[in-house]
Amino acid sequence: MTSNIKNIFRLKPVAVEKEESPLKIVETNNNGEVTEESRKRTYHESGYRDSSRNNGNHTALSICLDAIYSKFQNEEKELADKQNKLKEPYINEQKNKETEIKGLTVSLDNKEEQIKEIQQNIETVQNKIETLKFEINDIPKNPELYQINASKGASTKFWIGLLLLIPISLYLFTFYISTSFSAFFKTFDPNVSIMQSVLDAQAFNKAWDEGPLEGAFVTLIPFVFLGLGYLIHMFGENKNWLNYVKMFLLFVVTFVFDAILAYEIESKIYELNKTFDSPPFDLSIAFTKNQFWGIIFAGFVVYIIWGLVFDFIMKEHKEKDKIKHEQIKKQKDILVHQDRITGFEKQMEDIKNGIASIKELIIKARGRIEELQNIIDGVIIPTKEYKSYASEYVQGWITFVNEKLAVSHPVKQEMIEECKNQYNYNLNKVGANSDSQNSVYVSVL
């Protein structure tokens with residue numbers, strides 16, 4: 001065995017100088033390229049010759065196969081037309097990738113322009129929102145600037161009128177509850193002053209003590225006068241002669257009702273203080289009494305004041321409603337614009353995601369172009385073809401073992417198996433056993 005290993009590295013300078021190169025190619029085609037059959041025969045003969053030099057040793061075969069592969073690479077490098085043909089698909093793919101990048105770049109530019117346009121739209125809508133917010137605050141101060149037919153300071157006037165209307169309403173409730181109870185249900189006491197007889201602080205409670213009918217009458221009668229005042233306001237909104245007649249009749253009815261209350265109260269006071277010489281009480285006597293006119297004007301005049309204040313409040317509320325309506329309208333416009341901004345932002349987010357995807361595709365395409373360029377700049381080694389030539393070389397190697405090596409059959413078979421293992425190992429190492437039929441090996445120039 002030691003002698004076999006030594007034979008692997010034994011130098012024969014004389015023999016090398018006289019022998020032809022083990023990979024000398026003797027047959028060429030019309031283009032001056034080596035024919036495949038001649039090339040295979042050369043590899044077969046080289047395998048046989050190298051095996052004879054190394055007594056078929058499998059370790060030497062491993063070294064020789066590495067050398068064979070290097071020589072195969074050098075041969076492939078010299079086959080320019082073949083290299084161009086092998087590189088053609090990679091060149092075409094590179095061109096397609098470059099075209100793809102151009103298309104992606106155009107798409108990227110378009111999407112970036114869309115982003116700028118959307119940002120401008122968002123800025124425009126935000127400016128509109130700021131303008132609307134300013135207008136909402138400015139409308140009460142300058143309604144005429146917004147073509148709103150409303151008075152300035154309507155809100156202040158409204159609240160002042162409301163503050164006046166509340167105590168006046170309470171006064172009317174107190175007055176009519178007291179006078180209606182005194183006029184229709186109360187029995188006057190001669191020991192009580194006239195003012196206490198007319199304005200009784202316990203009128204409401206006493207009326208309900210008299211019965212539910214009396215209590216309900218006294219409680220609800222102020223609403224009749226308030227209702228009359230409301231009708232006067234409603235008729236005053238539509239200015240025409242018929243409504244003016246209705247308003248006049250309402251004032252007459254209110255005055256007559258107040259006169260009836262005053263007449264009834266004054267009648268009871270007169271009957272309480274009359275003598276045998278006193279004439280029967282009638283309107284002529286009532287007209288001469290200060291209390292009669294005092295009761296009328298204490299109710300009717302205040303009622304007119306209440307009606308005027310109520311009418312003023314309703315008009316101011318109407319003015320205030322104009323401003324409020326315009327403010328609400330602008331608030332709704334703000335909500336619409338905010339929804340538009342939300343839509344723009346969602347659209348912009350989708351475009352940004354698309355931009356990120358395009359950039360990722362461009363990066364991948366550029367990476368692939370770089371890989372393809374490395375292949376194009378290098379030497380493409382068709383390892384599938386190498387497998388057939390390596391097979392010829394190993395066959396020549398094994399042929400020598402079978403025919404010329406003087407060893408026992410079992411040893412010979414063992415050597416052949418070791419040679420096959422070295423062969424398969426070499427194919428795996430260079431990628432020739434890959435399942436892909438297009439497997440190539442790139443060697444950088």
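For this chain, numbers begin at 1 and follow the sequence in order.
When atom types are taken as modelled, the side chain of Asn54 and the backbone of Gly56 share no donor-acceptor pair closer than 3.5 angstrom. In this structure, Asn353 contributes its side chain and Glu349 its backbone to a donor-acceptor pair below 3.5 Å.
Remark: aromatic rings of Phe400 and Tyr48 are close, center separation under 6.0 Å.
Ile375 and Lys87 make their closest contact through O-CE, 4.0 Å (heavy atoms, listed as atom of the first residue, atom of the second, distance).
A salt bridge links Lys346 to Asp350: one of the charged nitrogens lies within less than 4.0 Å of a carboxylate oxygen. We find that Lys429 and Asp66 are joined by a salt bridge, their nearest charged nitrogen and carboxylate oxygen being less than 4.0 Å apart. One finds no salt bridge joining Glu98 and Lys95 here, because no Lys/Arg side-chain nitrogen approaches an Asp/Glu carboxylate oxygen to under 4.0 Å. Ion pair Glu93/Lys97 not flagged as a salt bridge, since none of the NZ, NE, NH1 or NH2 atoms sits closer than 4.0 Å to an Asp/Glu carboxylate oxygen.
For the atom pair OG1 of Thr105 and CD1 of Ile362, the computed distance is 4.0 Å after rounding to the nearest 0.5 Å.
More than 12 heavy atoms of other residues, nucleotides or ligands lie within 6.0 Å of CD in Glu345, so this atom counts as buried by the packing criterion.
No hydrogens or angles considered: nothing links the side chains of Glu392 and Ser388 as a donor-acceptor pair under 3.5 Å. There is a side-chain donor-acceptor pair under 3.5 Å between Asn426 and Tyr386.
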